[in-house]
Enquirer: 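Mind looking over this structure? Questions follow.
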Amino acid sequence: MRTSMFLAIFLLCPGHVPAEPQSAKQRFLALNPDYKAGVTQFYAQEYLPGTVRSMTGAIRSPGFRDADADRVLRVLIGNFLDQWIEGGGQVSEGVREEVVAPMDVEVKRLVRDEDAYRRYLAWRHIRNSASNPLAFLMPLHDSGPPDAHGRGEPPIRVLVGDVAASDGAAAKRLRGLKFVVVDAPWDKVDPDRAEDIDVIFLATSWGDQLALAALDAKKDAFHRFIRRGGGLVASQPNPAAFQTCTPALLPYPITFHYMYDQKDTTRLNLAHDHFITEDLAGHEMPFPADPMLKVDPRYRVLAKQKSTGFPSLVAASSGDGRVVVQTANESYASTIPIGDEILRRMIVWAAGREPTGR
């Protein structure tokens with residue numbers, strides 16, 4: 001009852017409402033313009049300070065400070081409100097579990113202590129608003145979010161390395177595809193501390209001069225992460241400063257070039273027997289926005305540009321893990337965007353979650 005009352009505070013008087021709204025989200029926003037901004041500010045003022053203090057006090061770990069609690073709780077609030085709006089003013093228990101899962105991953109990554117993590121889980125199940133003022137955003141149970149990929153398994157957890165930990169285009173897109181996403185700036189991506197991560201996703205521009213230096217400095221950690229069973233999906237590196245790059249973090253070398261030929265954008269699917277590309281048309285293959293000039297033969301080339309022959313999608317196994325490299329920009333706003341289905345399959349395959357027998 002209390003939660004409903006607080007959320008109802010922000011239900012505004014209706015203005016012009018379309019005669020036939022297309023979705024629950026549209027109806028909700030028509031009645032509640034600027035809803036997310038107003039509620040975010042209210043929660044930050046009324047609930048966040050007390051929740052930060054109670055959270056760090058319960059966890060009691062030198063690796064988890066007030067600033068960490070503030071950051072992960074703001075992400076939680078934002079993700080919850082996105083889902084609240086999407087559902088037209090309601091959020092199911094399963095969706096709450098999806099919303100809170102990135103916070104679980106980040107807390108465990110920071111504390112690196114099972115006892116501290118258990119204290120955190122105990123804290124976030126407290127229903128007393130004095131001890132956890134934001135408890136009404138969190139699920140009651142730890143059954144785990146429903147599997148979005150049909151096998152009844154835990155969700156695939158993806159660490160997105162991007163320009164900054166600011167919920168960028170790649171993170172938003174992968175959340176839309178029902179993956180559990182944690183994001184971090186390039187220099188904070190640490191594969192050795194990604195124990196609960198299934199796939200590391202390097203967003204477009206990871207081959208930039210400053211980003212690549214920070215990532216390649218951890219090349220051994222990337223190789224260990226993959227060999228022990230982790231997945232790596234790398235998008236267009238975009239090495240603008242040097243024109244070419246041969247990243248050391250990849251388990252097998254690939255040399256990329258910054259310039260591309262867009263006179264004929266036709267792409268070819270070279271692997272109709274592979275899970276990622278099976279039954280997809282050529283135009284659904286990624287475009288070589290950064291052509292691969294040299295590809296180690298241990299990769300299998302799954303797609304290429306017809307006119308130039310440059311590969312645009314390759315995959316390989318290394319130890320117990322898998323690597324996918326594709327050279328399209330994953331943003332919907334890109335010149336030649338990549339489709340949802342093939343991007344989803346890249347993550348699923350890299351995580352080793354494709355259906356049995358493939």
Side-chain angles (χ1 to χ4, degrees), residues 1-55 67-106 124 126-130 132-140 145-146 148 155 160 162 164-183 331-333 340:
M1 181 66 69
R2 176 172 180 163
T3 301
S4 300
M5 178 183 70
F6 284 127
L7 292 170
I9 290 173
F10 296 94
L11 293 176
L12 306 180
C13 295
H16 174 69
V17 181
E20 295 183 2
Q22 295 182 352
S23 67
K25 176 181 179 180
Q26 289 176 323
R27 290 194 296 270
F28 183 86
L29 289 176
L31 292 168
N32 302 278
D34 301 320
Y35 178 84
K36 183 177 180 181
V39 178
T40 298
Q41 182 179 8
F42 178 77
Y43 285 1
Q45 292 174 348
E46 297 296 321
Y47 301 134
L48 191 59
T51 310
V52 166
R53 289 192 297 271
S54 68
M55 186 179 190
D68 300 309
D70 183 89
R71 175 173 53 82
V72 299
L73 288 168
R74 287 180 186 273
V75 171
L76 173 72
I77 290 169
N79 291 345
F80 177 87
L81 293 177
D82 285 340
Q83 294 300 326
W84 182 266
I85 294 168
E86 192 68 35
Q90 59 183 353
V91 172
S92 69
E93 184 75 0
V95 171
R96 287 174 190 267
E97 292 173 348
E98 288 188 19
V99 166
V100 83
M103 183 168 72
D104 293 348
V105 173
E106 183 66 359
R124 80 162 176 80
I126 294 173
R127 297 294 103 186
N128 182 340
S129 61
N132 181 359
L134 285 173
F136 60 88
L137 301 185
M138 303 178 193
L140 290 168
V160 175
D162 210 333
S166 56
D167 201 25
K172 289 179 180 177
R173 185 162 187 189
L174 294 180
R175 287 193 184 102
L177 294 175
K178 305 305 180 185
F179 298 109
V180 172
V181 175
V182 179
D183 51 4
S331 171
Y332 284 122
D340 281 342

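Hydrogens, waters and symmetry mates play no part in the numbers below; they use all other heavy atoms, side chains included.
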Enquirer: With ring centroids as reference points, do Phe136 and Tyr47 lie under 6.0 angstrom apart?
Expert: yes
Enquirer: How long is the gap from CZ on Arg96 to CH2 on Trp84, to the nearest 0.5 Å?
Expert: 7.0 Å
Enquirer: Do Glu106 and Arg71 touch side chain to side chain, with heavy atoms closer than 4.5 Å?
Expert: yes
Enquirer: Which heavy atom in Met103 sits nearest to a heavy atom in Met138, and how many Å separate them?
Expert: CE-CE, 4.0 Å
Enquirer: If I take atom CG from residue Leu76 and atom CG from residue Asp104, how far apart are they, to the nearest 0.5 angstrom?
Expert: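 The CG atom of Asp104 is 9.5 Å from CG of Leu76, to the nearest 0.5 Å.
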Enquirer: Would you give the length of the straight line joining atom CG of Asp82 to atom CZ of Arg175, rounded to the nearest 0.5 angstrom?
Expert: 8.5 Å
Enquirer: Working to the nearest 0.5 Å, report the span between CG of Asp340 and CG of Leu177.
Expert: 5.0 Å
Enquirer: For the pair Met55 and Val72, evaluate side chain to side chain contact (heavy atoms under 4.5 Å, CB included) and give the outcome as yes or no after the intermediate values.
Expert: CA-CA 11 Å; Met55 186 179 190; Val72 299; 4.0 Å; yes
Enquirer: Nearest 0.5 angstrom please: Ile85 CD1 to Phe80 CZ, how far?
Expert: 10.5 Å
Enquirer: For Val105, enumerate each residue passing the side-chain contact (heavy atoms from CB on, under 4.5 Å) test, keeping only those at least two apart in sequence or located in another chain.
Expert: Arg157, Val182, Ile197
Enquirer: Measuring from atom CD of Glu46 to atom CD of Gln41, what distance do you get when rounded to the nearest 0.5 angstrom?
Expert: 10.5 Å
Enquirer: Can you name the closest pair of heavy atoms from Gly168 and Asp162 and give their distance?
Expert: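 Heavy atoms only, the tightest pair is CA-OD2, 4.1 Å.
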Enquirer: Closest heavy-atom contact between Asn132 and Arg124?
Expert: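 Heavy atoms of Asn132 and Arg124 come nearest at ND2-CA, 3.7 Å.
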Enquirer: So do the side chains of Tyr43 and Leu73 get within less than 4.5 Å of each other, counting heavy atoms only?
Expert: no
Enquirer: Report yes if some heavy atom in the side chain of Ile77 is under 4.5 Å from a heavy atom in the side chain of Leu134; otherwise report no.
Expert: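 When only atoms from C-beta onward are counted, Leu134 and Ile77 do touch, with a gap below 4.5 Å.
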Enquirer: Test of understanding: with salt bridge (charged side-chain N to carboxylate O under 4.0 Å, His left out), list the residues that count as partners of Glu86, not counting sequence neighbours.
Expert: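 Result, salt bridge (charged side-chain N to carboxylate O under 4.0 Å, His left out) vs Glu86: Lys25.
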Enquirer: For Ser331 and Arg173, which heavy atoms make the closest approach, and how far apart are they?
Expert: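 So the two residues come closest at C-NH1, 4.4 Å.
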Enquirer: Can you name the closest pair of heavy atoms from Val160 and Ala170 and give their distance?
Expert: CG1-CB, 4.0 Å
Enquirer: Short question: side chain of Ser54, backbone of Thr51 - any donor-acceptor pair under 3.5 Å?
Expert: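 Yes: the side chain of Ser54 pairs with the backbone of Thr51.
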